[in-house]
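See structure below.
One-based numbering, in listed order, for ligands and for the atoms of each.
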Amino acid sequence: MNKTDVLHVNSDTCYDIIMENGFQGLGEHVRNVLVCAHSVLIVSDEKVYGLYGDEVKKTLTECGFEVKTHIAEALCESKKTQSTVTEIYKSAIDANLTRHDAILALGGGIVGDVAGFAAATFMRGVNFVQVPTTLVAQTDSSVGGKCGINFDGVKNLIGSFYNPALVYISPHVLCSLPQRERCAGMGEVIKYGCIRDASLFSDLASGDFDISDVILRCLRIKRAVTEKDSHDLGLRHILNFGHTVGHALEEYTSGEILHGEGVAYGMYAMALAGERLKITAQGTAKSIKDLCEKHGLKTDYTKYFGFEKYISRDKKRTADGIKAVFLTEIGSAVIREISVAELTGLLYG
Ligand code: GLY
């Protein structure tokens, strides 16, 4: 018997995160939340749809949905653009989608971000279902409603907060993830240990953990934080630990560095900066470096000398600087406003 875990999210809108192994139950869960829907437009990429598209289509069809598809070629950061969203709008029009219907994202964080933005804006909003297939998307980006595109070389500059009606997570798909993507996903997982859960950090260091359990632990933190601050005005910034540097590195390398890889560099960088500022307990940066390396992630960010000029374009900037996330110790994060010049100085010691 397939086990089902359910996390109920009580945010601006309420929705469930369902975790089951396999897609057999997906159609029924979608039907339970979209009682009046007639059609579902699956947005995916060729690789993921080739692996799981038939199963997903079958379960939705069996539950009475007319299923249409929008299958893109590989969707990388450089394709997170308005023209990709426009192509999804065209498929939604071809599919005769109404406001009762849904767009379903089947894929990683980029698919979720562009499909979510299309769902948020097509006819001022159609239902949205997230079926994340990467570790980054399962532990982080599929929950909390952030969606959008890159613009003018800045990551996620245009976007919205648009909660899904349902998030359906099947950890079995992680076995088909390329090793590099899986390691990158561990960057987001380690982040959750850093900001809120020292015991998760220790379990990851011991190597003795079950990935489904780890995903649920990350999601419980994400739920707790986004329920308190859905629009990223305060507390939610802690979820961006390591992201200010990480995003700058992603932009500096034009997407050569994967998101989770950037987060790993960024967490180490911010822990070092925090130690230099005497906010962070000494030895924290070394613990993060060791754990990242254990999970195949690099941390030597200084080799990307010059990346710091991208920090000033961070969305968390204020008139006087940026809202930076530091750790006091593993498991505890604080937000401090700091000028970009001071942060840059700290990053280079
Ligand atoms: N990934 C950070 C957030 O959802 O706020």
Within 45° cone of Phe65 ring axis and under 6.0 Å: Arg31 NZ or CZ: yes
Has ligand 1 got any nitrogen or oxygen that is less than 3.5 angstrom from a nitrogen or oxygen of Asp232? no
Should Asp140 be counted as touching ligand 1, given the test is an N or O pair under 3.5 Å? yes
Between Asn240 and ligand 1, is there a nitrogen or oxygen pair with a distance under 3.5 Å? no
His172 ring center within less than 6.0 Å of Phe23 ring center: yes
Tell me yes or no: between the side chains of Ser170 and Tyr52, is some donor less than 3.5 Å from an acceptor? no
Is the NZ or CZ atom of Lys191 both under 6.0 Å from the centre of the six-membered ring of Phe241 and within 45° of that ring's axis? no
Any nitrogen or oxygen of Lys222, side chain or backbone, less than 3.5 Å from one on ligand 1? yes
